[in-house]
Amino acid sequence: MVHSGPSNWTAQATVTASLTAFLFEGFTYNAVYLGRVLPALGGDAKVTPLLIIFNTVWGLALWSYLRTSWADPGAVPEEWHDFVRRVGVALPIAPGMKEWQPGKATMCKQCSRARPERAHHCGLCGVCILRLDHHCPWINNCVGFNNHKYFLLTCLYALLACVVGFVTAAPELVSVTQRLRLAMHGIHDDPPLDPSDEIAFLVFGTLAVFISMFLAPLLYFQLSLAVANKTTIEANYINMTNPFDQGAALQNLAQIFGAPGADWVFPIKPWRLHLDGVSFSSSAEAEKLPLTAGMGGAYPEDVSRDEEDFSYDGKGKNWARAFGDRLKTPLIGEALWRANYHVVEPNRQDLDLRRPSTLDYMLGCMQIDCDGNQKGTFV
């Protein structure tokens, strides 16, 4: 995404620092370590295998980084805005809150436009992003629905490149450190090495350690959220249990990486991702109850009202989605959006729902902003 103003200089500086670190580590390992240090210390036989191993991981890391930085993170598409205009007030729109809001379109205060579930506004990019995780200054881009996979791969492969580089070069790093210590006392060991190569090689090892110390906890945190089907923003939501948890780590990862396959290991668009970023499958879809069931709304004729059919969290809130038993085949596109966001059809008589007016939307969004800060009493 393109930024303007003073923050753009900061963003460009962090991206430049990231790319410089990538290129320095790659150049130093190949040109200095494999090209001069290792052969000089009698390790010629290890050059070729280490060249292949390191550059495979390093190349994947750089590829993933560039994909994350250059990709559209998932700005809310115009198709969604067209859909909102077509359905008008038949689409219930809630004020954005700092809590789970499954199956609800929310109003963005900054954009003054309705946005899908899990979408949030990025103040730096100036747009709402589908399933926004966070804005990352190191890539000068948001991490959202379209590039979340690339971001996770960047963290993984960059960490692996640092670990592989440091571990494979560890014996020579120790040897070069000892040589420099002797040289400071006027003792020069054989074979001679260029002092600039020795210093660059030690900087490579030090940088690899520091980058690993930064990436390891970041990767752990991001993966722990991914396997739970949460974003960094959603990690703080406590109003109900996670309505998007698919019940298993693999299924949750599949909502980012697509169905398991060879494409998981490459920073390419998932081959079999059955999501559009506008509507997300819920952990309560099997219950086939609307969000309004049990909370003042009526029940569809073909849905049981037995107590065991409900899916409640610890606070007694039902977050089942609007997929009735009558739906024999999976919905896609606008049909899915209409069901997921509870669009009130004029000819539907089976749901006794109050249709909110435009004034309701305006008052709601004026009194509770998109960050969930209450300005007054909202009824």
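Everything quoted here is computed from the prediction, not taken from an experiment.
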Evaluate the criterion side-chain contact (heavy atoms from CB on, under 4.5 Å) for residue pair Phe145 and Phe280; output intermediate values, then yes/no.
CA-CA 11 Å; Phe145 178 75; Phe280 294 87; 4.0 Å; yes

Main-chain N/O of [Y] paired to [X] side chain as donor or acceptor, under 3.5 Å:
X: Ser18; Y: Trp138; value: yes
X: Asn140; Y: Ser69; value: no
X: Thr168; Y: Gly165; value: yes

Please tell me if the side chains of [X] and [Y] come closer than 4.5 Å, counting only heavy atoms from C-beta onward.
X: Asn236; Y: Lys98; result: no
X: Cys125; Y: Cys142; result: yes
X: His120; Y: Thr231; result: no
X: Pro270; Y: Lys149; result: yes
X: Pro137; Y: Thr10; result: no
X: Val76; Y: Leu130; result: yes
X: His148; Y: Gln222; result: yes

If Ile, Leu, Val, Met, Phe, Trp and Tyr residues are connected whenever their side-chain heavy atoms lie under 4.5 Å apart, and connections chain through other members, are Leu51 and Leu38 in the same group?
yes

Roughly how far apart are [X] [atom1] and [Y] [atom2], rounded to 0.5 Å?
X: Asp263; Y: Arg272; atom1: CG; atom2: CZ; answer: 7.0 Å
X: Trp271; Y: Phe266; atom1: CH2; atom2: CZ; answer: 7.5 Å
X: Ile139; Y: Leu19; atom1: CD1; atom2: CG; answer: 11.5 Å
X: Phe151; Y: Ile256; atom1: CZ; atom2: CD1; answer: 11.0 Å

Which residues satisfy the ring-ring contact (aromatic ring centres under 6.0 Å, His included) test with [X], sequence neighbours excluded?
X: Trp100; result: Tyr237, Phe244
X: Phe257; result: Trp264
X: Tyr33; result: Tyr29, Phe201
X: His81; result: none

So side chain to side chain donor-acceptor pair (under 3.5 Å) across residues 51-66, not counting sequence neighbours, yields Asn30-Asn55

For [X], all residues meeting side-chain hydrogen bond (donor to acceptor under 3.5 Å, both in side chains), sequence neighbours excluded:
X: Thr106; value: Arg115
X: Glu334; value: Arg86, Arg338
X: Arg85; value: Asp82

Of all residues at least two apart in sequence or in a different chain, which pass the salt bridge (Lys or Arg N to Asp or Glu O under 4.0 Å) check with Asp197?
Arg36

Sorted by chain and residue number, the salt bridge (Lys or Arg N to Asp or Glu O under 4.0 Å) partners of Arg118 (sequence neighbours excluded) come out as Glu234

side-chain contact (heavy atoms from CB on, under 4.5 Å) evaluation trace for Ser281 with Gln255:
CA-CA 9 Å; Ser281 56; Gln255 296 216 335; 2.6 Å; yes

Using the rule given for side-chain contact (heavy atoms from CB on, under 4.5 Å), can you reason through Val176 versus Val37, listing the C-alpha separation, both sets of side-chain angles and the distance that settles it, and then say yes or no?
CA-CA 9 Å; Val176 169; Val37 174; 4.2 Å; yes

Contact list for residues 46-69, test salt bridge (charged side-chain N to carboxylate O under 4.0 Å, His left out), sequence neighbours left out:
Lys46-Glu172

Heavy-atom count around Phe24 CZ within 6.0 Å, excluding the residue itself: above 12?
yes

Going by side-chain heavy atoms closer than 4.5 Å, which hydrophobic residues are tied to Leu225, directly or by a chain of links?
Phe221

Trp337 vs Asp276, side-chain contact (heavy atoms from CB on, under 4.5 Å): CA-CA, chis, key distance, verdict:
CA-CA 10 Å; Trp337 298 352; Asp276 58 7; 2.9 Å; yes

